[in-house]
Amino acid sequence: MLILLAFIIVFHITSAALLFISTIDNAWWVGDNFSTDVWRMCATNTTTCMAITDQFREYQSVQAVQATMILSTIFCCVAFLVFILQLFRLKQGERFVLTSIIQLLSCLCVMIAASIYTDRHEELHKSNEYSIEVSKGQYGYSFVLAWIAFAFTLISGVMYLVLRKRK
């Protein structure tokens with residue numbers, strides 16, 4: 001039982017780490033001489049970064065991705081704290097339903113963010129406000145980590161729903 005508990009905690013912390021990395025790191029869309037995320041665009045040759053502001057085309061989509069990724073990270077951290085509290089407060093045989101609901105909300109938010117970015121990436125990178133051409137790029141590892149975090153939060157949300165407290 002202790003091994004299962006350790007696995008669940010490590011799995012949840014891994015999910016949170018994936019969400020933090022994919023939200024913060026600058027690699028949602030990368031090319032030979034640039035990398036961009038939902039916060040800024042950086043040219044690798046000159047090591048200069050430019051914040052993505054409301055002058056950019058499709059800025060509302062970028063804000064939606066920013067907001068839902070932040071929400072998913074917050075929900076994941078709150079779910080972990082609720083799990084720890086429920087671990088000590090639940091009676092034997094009860095399920096971790098509240099933790100599961102919060103974790104599934106995190107899953108929903110990261111899915112929405114990655115889906116919006118997937119759908120709108122062409123319009124996002126055709127803006128004339130970029131100092132270099134960014135439309136010729138590919139998805140970066142932060143984008144991939146966001147989708148992996150979606151799978152991890154989904155699995156852990158379902159796992160909490162099935163899990164019962166034992167002695």
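Keep in mind that this is a model prediction, so the values were computed, not measured.
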When you group the ILVMFWY residues by side-chain heavy-atom contacts below 4.5 Å and let the links chain together, are [Y] and [X] in the same group?
{"X": "Leu85", "Y": "Leu98", "value": "no"}
{"X": "Val30", "Y": "Tyr117", "value": "no"}
{"X": "Val10", "Y": "Phe83", "value": "no"}

Distance in Å, [X] [atom1] paired with [Y] [atom2], rounded so as to fall on 0.5 Å steps:
{"X": "Lys136", "Y": "Asp32", "atom1": "NZ", "atom2": "CG", "answer": "12.0 Å"}
{"X": "Leu81", "Y": "Cys76", "atom1": "CG", "atom2": "SG", "answer": "10.0 Å"}
{"X": "Arg95", "Y": "Leu161", "atom1": "CZ", "atom2": "CG", "answer": "7.0 Å"}
{"X": "Leu108", "Y": "Ile101", "atom1": "CG", "atom2": "CD1", "answer": "13.0 Å"}
{"X": "Thr99", "Y": "Ile84", "atom1": "OG1", "atom2": "CD1", "answer": "9.0 Å"}
{"X": "Ile102", "Y": "Ile74", "atom1": "CD1", "atom2": "CD1", "answer": "12.5 Å"}

- Item | Results of side chain to side chain donor-acceptor pair (under 3.5 Å) for Ser61 - residues two or more places apart only | Glu58
- Can you name the residues that form a side chain to side chain donor-acceptor pair (under 3.5 Å) with Ser156, not counting sequence neighbours?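 Side chain to side chain donor-acceptor pair (under 3.5 Å) check on Ser156 returns Gln103.
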- Message: Applying ring pair (Phe, Tyr, Trp, His ring centres under 6.0 Å), can you list everything that pairs with Phe150, at least two apart in sequence or on another chain?
- Response: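 Partners of Phe150 by the ring pair (Phe, Tyr, Trp, His ring centres under 6.0 Å) criterion, ordered by chain and then number, come out as Trp147.
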- Note on the structure: Residues at least two apart in sequence or cross-chain that pass ring pair (Phe, Tyr, Trp, His ring centres under 6.0 Å) with Phe7, listed by chain then number, are Phe11
Would you indicate whether the side-chain heavy atoms of [Y] and [X] approach each other to under 4.5 Å?
{"X": "Phe80", "Y": "Ile9", "value": "yes"}
{"X": "Leu19", "Y": "Thr153", "value": "yes"}
{"X": "Tyr59", "Y": "Ile52", "value": "yes"}
{"X": "Asn26", "Y": "Arg40", "value": "yes"}
{"X": "Met69", "Y": "Cys109", "value": "no"}
{"X": "His12", "Y": "Tyr160", "value": "yes"}
{"X": "Ile8", "Y": "Met159", "value": "yes"}
{"X": "Arg89", "Y": "Gln86", "value": "no"}

- Message: Is the ring pair Tyr139/Trp29 parallel, tilted or perpendicular, if the boundaries are 30 and 60 degrees?
- Response: perpendicular
- Return yes when atom CD1 of Ile3 has more than 12 non-hydrogen atoms of other residues, nucleotides or ligands closer than 6.0 Å, and no otherwise. no
- Message: Assess the residue pair Phe143 and Thr118 against the criterion (side chain to side chain contact (heavy atoms under 4.5 Å, CB included)); give the C-alpha distance rounded to whole Å, side-chain angles, the decisive distance to 0.1 Å, and a yes or no.
- Response: CA-CA 9 Å; Phe143 176 78; Thr118 303; 3.1 Å; yes
- Item | Set of side-chain contact (heavy atoms from CB on, under 4.5 Å) partners for Leu104, sequence neighbours left out | Ser100, Leu154
- Item | Minimal non-hydrogen separation, Leu18 against Ala149, with atom names |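 Heavy-atom minimum between the residues: CB-CB, 3.9 Å.
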- Out of Leu145, Val65, Thr23, Thr36, which residue meets the side chain to side chain contact (heavy atoms under 4.5 Å, CB included) rule with Trp28?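 Among the candidates, only Val65 passes.
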- Item | Connected-component partners of Phe20 among ILVMFWY, side-chain separation under 4.5 Å | Ile24
- Message: I'd like to know if the side chain of Gln138 reaches the main chain of Gly31, judged simply by a donor and an acceptor atom lying under 3.5 Å from each other, with no hydrogens or angles considered.
- Response: no
